[in-house]
*Asks:* 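Structure in structure tokens, see below.
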Amino acid sequence: AELKRVGKVRALCLIRHFAKDQEAYLKRGPEEEADADLVIYNYVCRGQEPGIERATQAGKGVLIMKALGGQYLSWEHKNATDWTGATGETLIQLSPLGESIRHELELVYSFSAGPWRELAGRGESVARTGPAVSWVLNNRHVSCALVAVASTAELEAALACV
């Protein structure tokens, strides 16, 4: 708060990564000094919705991270994998980061693995990134989404939805 007061930072954000952070947030509410929350939220990871709504009711901004499920899997793997039968081990095997994600697997699996393929249009074998970003931005409580892409084509698809 002091850094903000003296002009060294413009805004302060509270980051909520884990389920325990979300539960505590719902009990306690937003931090008075925070201007916004930085939250993991996407088509397959929706557990933050109650906190997102509570933040906007308190006048806080909501910034979304991992809108495309993060860097742990390629967009192709997110779409092509049948996650109904997959496990955390599947994610470790498919991820270019391999074993290094094991210690974060509970968190990573929640926003990486899931029914991304449902976003594919008619005749598409892989969903474009645009519909995933649009889905996030269609939540009226979301202020903006931070989107990381792996190629110019993914960037163009993501921007097409805005």
Side-chain angles (χ1 to χ4, degrees), residues 1-75 77-78 88 91-92 95-116 118-119 127-162:
E2 176 64 15
L3 292 173
K4 186 177 170 186
R5 190 188 66 72
V6 297
K8 294 193 180 219
V9 297
R10 291 185 186 164
L12 300 172
C13 291
L14 177 69
I15 299 175
R16 291 185 270 127
H17 271 104
F18 299 97
K20 66 179 172 61
D21 300 327
Q22 174 67 10
E23 291 165 14
Y25 184 88
L26 288 173
K27 290 178 187 170
R28 180 187 71 247
E31 296 291 334
E32 186 65 34
E33 298 85 17
D35 299 295
D37 287 346
L38 181 58
V39 181
I40 294 172
Y41 178 65
N42 62 47
Y43 186 75
V44 303
C45 183
R46 304 175 187 191
Q48 298 279 2
E49 284 178 342
I52 290 170
E53 185 173 350
R54 182 151 187 201
T56 57
Q57 289 170 347
K60 308 295 182 182
V62 177
L63 313 174
I64 300 303
M65 61 178 147
K66 311 294 186 206
L68 296 177
Q71 74 279 17
Y72 298 95
L73 287 177
S74 71
W75 188 246
H77 281 131
K78 286 177 197 143
L91 191 142
I92 289 170
S95 175
L97 301 173
E99 284 293 325
S100 69
I101 64 171
R102 186 172 296 282
H103 71 284
E104 296 181 327
L105 193 56
E106 182 181 339
L107 173 66
V108 172
Y109 192 88
S110 70
F111 59 76
S112 299
W116 293 100
E118 292 175 359
L119 294 168
R128 292 172 291 118
T129 55
V133 176
S134 288
W135 185 90
V136 168
L137 294 175
N138 281 333
N139 181 324
R140 64 187 174 92
H141 301 294
V142 168
S143 304
C144 75
L146 308 172
V147 181
V149 295
S151 68
T152 303
E154 283 185 12
L155 174 62
E156 290 171 351
L159 290 174
C161 73
V162 181

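Values below: all heavy atoms of this structure, side chains included; hydrogens, waters and symmetry mates excluded. Treat the numbers as computed from the prediction; the structure is a model and nothing was measured.
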*Asks:* Is there a side-chain contact between Leu12 and Leu3, using heavy atoms and a 4.5 Å cut-off?
*Replies:*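 Counting from C-beta outward, Leu12 and Leu3 never come under 4.5 Å.
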
*Asks:* Could you state the interatomic distance from CD (Gln48) to CE (Met65), rounded to the nearest 0.5 Å?
*Replies:*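 Reported value, rounded in 0.5 Å steps: 8.0 Å.
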
*Asks:* How long is the span from the CG atom in Asp37 to the CZ atom in Arg54, to the nearest 0.5 Å?
*Replies:*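 Spacing of CG (Asp37) from CZ (Arg54) equals 10.5 Å.
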
*Asks:* Are the side chain of Lys66 and the backbone of Asn42 linked by a donor-acceptor contact shorter than 3.5 Å?
*Replies:*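 No.
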
*Asks:* When rounded to the nearest 0.5 angstrom, what is the spacing between CG in Leu68 and OG in Ser112?
*Replies:*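 The CG atom of Leu68 sits 11.0 Å away from the OG atom of Ser112.
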
*Asks:* Indicate the atoms forming the closest heavy-atom contact of Gly51 with Gln22, along with that distance.
*Replies:*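 The pair with the smallest heavy-atom distance is N-NE2, 3.0 Å.
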
*Asks:* Does Ser134 reach the main-chain N or O of Gly130 with its side chain, forming a donor-acceptor pair under 3.5 Å?
*Replies:*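 Yes, because the side chain of Ser134 sits within donor-acceptor range (under 3.5 Å) of the backbone of Gly130.
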
*Asks:* Just so I know, are the side chains of Ile40 and Leu107 near enough to count as touching, which here means a heavy-atom distance under 4.5 Å?
*Replies:*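 Yes, their side chains come closer than 4.5 Å.
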
*Asks:* Please find the pair of heavy atoms, one from Cys144 and one from Leu63, that lie closest to each other, and give the distance.
*Replies:*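 Shortest heavy-atom contact: SG-CD2, 3.2 Å.
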
*Asks:* Please give me the minimum heavy-atom distance between Ala67 and Ala145, naming the atom from each residue.
*Replies:*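 For Ala67 versus Ala145, the nearest heavy atoms are CB-CB, 4.3 Å.
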
*Asks:* Looking only at heavy atoms, what is the nearest atom pair of Glu32 and Lys60, with distance?
*Replies:*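 For Glu32 and Lys60, the tightest heavy-atom pair comes out as O-NZ, 3.1 Å.
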
*Asks:* Can you name the nearest heavy-atom pair linking Ser95 to Tyr72, along with the distance?
*Replies:*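 Scanning both residues completely, I find the closest heavy atoms to be OG-O, 2.6 Å.
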
*Asks:* Within this structure, what is the CZ-NZ distance for the pair Phe111 and Lys78, rounded to the nearest 0.5 Å?
*Replies:*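 So the CZ of Phe111 and the NZ of Lys78 are separated by 8.5 Å.
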
*Asks:* Measuring from Glu23:CD to Phe18:CZ, what's the distance to the nearest 0.5 Å?
*Replies:*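 Answer rounded to 0.5 Å: 13.0 Å.
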
*Asks:* Any donor-acceptor pair under 3.5 Å linking the side chain of Arg102 with the backbone of Ile92?
*Replies:*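 Looks like no, no N/O pair under 3.5 Å.
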
*Asks:* Any heavy-atom pair between the side chains of Tyr41 and Val62 that's under 4.5 Å?
*Replies:*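 Not in contact.
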
*Asks:* Is it the case that Arg46 places NZ or CZ above or below the six-membered ring of Tyr43, under 6.0 angstrom from the centre and within 45 degrees of the axis?
*Replies:*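 Verdict for Tyr43: a cation-pi partner in Arg46.
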
*Asks:* Taking Ala127's backbone N and O only, do any of them form a donor-acceptor pair with Trp75's side chain (distance below 3.5 Å, no angle check)?
*Replies:*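 Yes, Trp75 side chain to Ala127 backbone: donor-acceptor pair under 3.5 Å.
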
*Asks:* Heavy-atom count around Arg28 CZ within 6.0 Å, excluding the residue itself: above 12?
*Replies:*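 Yes, because the 6.0 Å sphere around CZ of Arg28 holds more than 12 heavy atoms from other groups.
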
*Asks:* Determine the sole option in Val133, Leu137, Ile52 for which the side chain to side chain contact (heavy atoms under 4.5 Å, CB included) test with Ile64 is passed.
*Replies:*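 Among Val133, Leu137, Ile52, the one that satisfies the side chain to side chain contact (heavy atoms under 4.5 Å, CB included) with Ile64 is Ile52.
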
*Asks:* Working to the nearest 0.5 angstrom, can you tell me the gap between Leu38 CG and Ile15 CD1?
*Replies:*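 Answer for the CG-CD1 pair, Leu38 versus Ile15, is 5.0 Å.
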
*Asks:* Can you name the nearest heavy-atom pair linking Cys45 to Ser110, along with the distance?
*Replies:*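 For Cys45 and Ser110, the tightest heavy-atom pair comes out as CB-O, 3.3 Å.
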
*Asks:* Counting heavy atoms not belonging to Glu2, are there more than 12 under 6.0 Å from its CD?
*Replies:*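 Enclosed.
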
